[in-house]
Structures are given as C-alpha cells and as structure tokens.
Amino acid sequence: MTKSADGIASSSQAAGHSHGSFFGRRKGHKLRNHQTDLMEHLLPRLTLDLATADASAPASLFDAPVDDMRLEIGFGGGEHLVAEALAHPQTGFIGCEPYINGMAKILSLIEANNITNIRLFAGDAAELLGWARAGSFKRIDLIHPDPWPKRRHWKRRFVQDATIAQISRVLDPAGEFRFVSDIDDYCSWTLMHMQRSKDFAWIAERADDWRKPWPHYTMTRYGRKAEREGRKAAYLIFKRTNA
Ligand SMILES: C[S@@+](CC[C@H](N)C(=O)[O-])C[C@H]1O[C@@H](n2cnc3c(N)ncnc32)[C@H](O)[C@@H]1O
C-alpha cells in the first residue's frame, strides 16, 4: 500500500473502486501542532492496513476481545462514531474517512476519551468493503454521504448497485445498513437501489420511523448544518433478508 507523508492512503490506492475512485477532498485547512502529532504517532497505531490485516479475523485488530464489528463510512468529524464506540464498548468499530482533517479530529476525540474500540481506515470505503470477508459486520452506517446532486455526477454517489452488493456481502445475515441524508433525491435514489437489490428490507412501518432519528442517534456536523438550513433528514434502516 502506498501512503503519503501524512500516513493517508494515496489516491492510487483508492483507484480499485468498483464504481470509480474517491471523489472528495482529501485535505482542508492546516492541522494544528497537536493534531499533526496525533497523525504521526496515534494514527499508525490505530490504522487498518489492508495489505497486512487479517480479514478472516478482524476482531484481532482490537487489543481487547469484541463481540461484534461495525463500520461507519465517511465519518467526517467522528462525532457519531465516537459516541457509538463509547456507548458500545464490547463492539469493535472501523471508521473510514479519507479526509485528513476528519481523521485529525477523530484522533483528538479518541485520545480525549481514551477510546480503545475504534480502528481507522484513511481511504475509500469501497476498497475496505472489497477487503472484508463475508458476514464481517453487524451494522454499517452511511451518514450524510456526499450528495452529488448533479445528474452527471450521480455515478459518484457512494450508493450504487455494486456497493450495495458489497455491503450485503460483508454484513452479518442479520445485519443492518443505516443511511441518513437530508437530500431528498439521494434518499429516493437509495430506496430505489436498495429495493432493487432484493437483499434488504426497509424496516420503516410509520412515517416517524424515517422522519425522526433512531434512538440514541448522535447528530453530526452535516446533520446540524442541514437543520440550520431548513432541510429535514431521512433516517433509513435496512435489514438484510437473504439469510
Ligand atoms: C458530507 S460529509 C459527511 C460527514 C459526516 N458523516 C457527517 O455527517 O458530518 C461526507 C464524508 O464522506 C467522506 N467520503 C466520501 N467518499 C468516501 C468514500 N468513498 N469512502 C469513505 N468516505 C468517503 C468524505 O470525505 C466526507 O467526509
């Protein structure tokens, strides 16, 4: 695996993406000194290196035994992932985020909260899904993915038939895929693709099941931004059905 000086997977690493490569920004504002220090010293200890990690024993990534594994794709600043890791200490979490400033933020939160049940992958989640063995995760969360609103960019959306097939494969037979977006068109897109896949059932029974966050949901930066700007998010929970 090739890595930049920041320890972040290079774009060539992300190139094996089943529906193209990673399309977002990798870098934003300059890191503060302590964040640079965390990137240099803490990130290597928590990094999931797909070239060397044993996909058949992902629980061995963690120092203490874990009961289950979960994945959050594109965790941004890491608020939701960190809250979940603190609430479920027996679960091992993998967080995937190619954006360097997001990685620096979550490292600060991990350090401040002494969290031991998170491992980090600083690349394209499609690559991580390709690496994982069947049935590895009890739950996969995709929260406010990049919306790519223009029709000619829809192919860049993370939710595609190919990624849904990979998500289905790496989920436990009783696993769940959870999706949040404040972009109506991306929610319909996701519902249409999930329905087409036949591997999932949308478990909503009444409007509040998707209009309101699920219990104990931690609002993210993009969720707050959407609320401020008057956009309501949808909270979609899909259960795997092809057990
Ligand atoms: C709109 S932001 C949302 C961040 C966060 N989930 C939130 O709600 O605040 C989308 C995030 O997904 C990340 N992302 C985009 N494509 C990705 C991919 N292929 N694999 C992993 N993360 C990705 C971006 O770097 C960005 O941080």
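Whatever order the structure lists ligands and atoms in, that order sets their numbers, starting from 1.
Under a 4.0 Å criterion applied to the non-hydrogen atoms of Cys96, ligand 1 contributes the atoms 21 (C). Residue contact check: Ile143 has heavy atoms under 4.0 Å from atoms 3 (C), 5 (C), 6 (N), 8 (O) of ligand 1. Per-residue contacts place Thr220 under 4.0 angstrom from the following atoms of ligand 1 (heavy atoms of the residue considered): 7 (C), 8 (O), 9 (O). Close approach of ligand 1 to Asp146 (heavy-atom distance below 4.0 Å) involves ligand atoms 1 (C), 2 (S), 10 (C), 15 (C), 24 (C). Counting the atoms of ligand 1 from 1 in the order shown, those under 4.0 Å from a heavy atom of His144 are 1 (C), 2 (S), 3 (C), 8 (O), 10 (C). Residue contact check: Gly76 has heavy atoms under 4.0 Å from atoms 4 (C), 5 (C), 27 (O) of ligand 1. Which parts of ligand 1 touch Gly123 is read off a 4.0 Å heavy-atom cut-off, strictly below it: atoms 20 (N), 21 (C). The contact set between ligand 1 and Tyr99, taken as ligand atoms under 4.0 Å from a residue heavy atom, comprises 25 (O).
Counting heavy-atom neighbours within 6.0 Å of Arg169 CZ, excluding the residue itself, gives a total above 12.
Annotation: the span from Phe62 atom CZ to Arg119 atom CZ amounts to 5.5 Å, rounded to 0.5 Å. With values rounded to the nearest 0.5 angstrom, Asn114 atom CG is found 8.5 Å from Thr116 atom OG1. Note that the SG atom of Cys96 and the CD atom of Glu72 stand 10.0 Å from one another [nearest 0.5 Å].
Between Tyr186 and Trp189, the two ring planes are perpendicular [angle over 60°; tilted spans 30° to 60°]. Taking the six-membered ring for Trp and thresholds of 30 and 60 degrees, Trp148 and His153 have ring planes more than 60 degrees apart, a perpendicular arrangement. Taking the six-membered ring where the residue is Trp, Trp210 and Trp202 present tilted rings, their angle falling between 30° and 60°.
Counting heavy atoms from C-beta on, the side chains of Arg240 and Asp172 never come closer than 4.5 Å.
Not one N or O of Ala126 is nearer than 3.5 Å to an N or O of ligand 1, by distance alone. Considering both main-chain and side-chain atoms, Asp124 comes within under 3.5 Å of ligand 1 through a nitrogen or oxygen pair.
Nearest residue to atom 22 (N) of ligand 1 from Ala226, Ala125, Pro98 is Pro98 (criterion: closest heavy atom).
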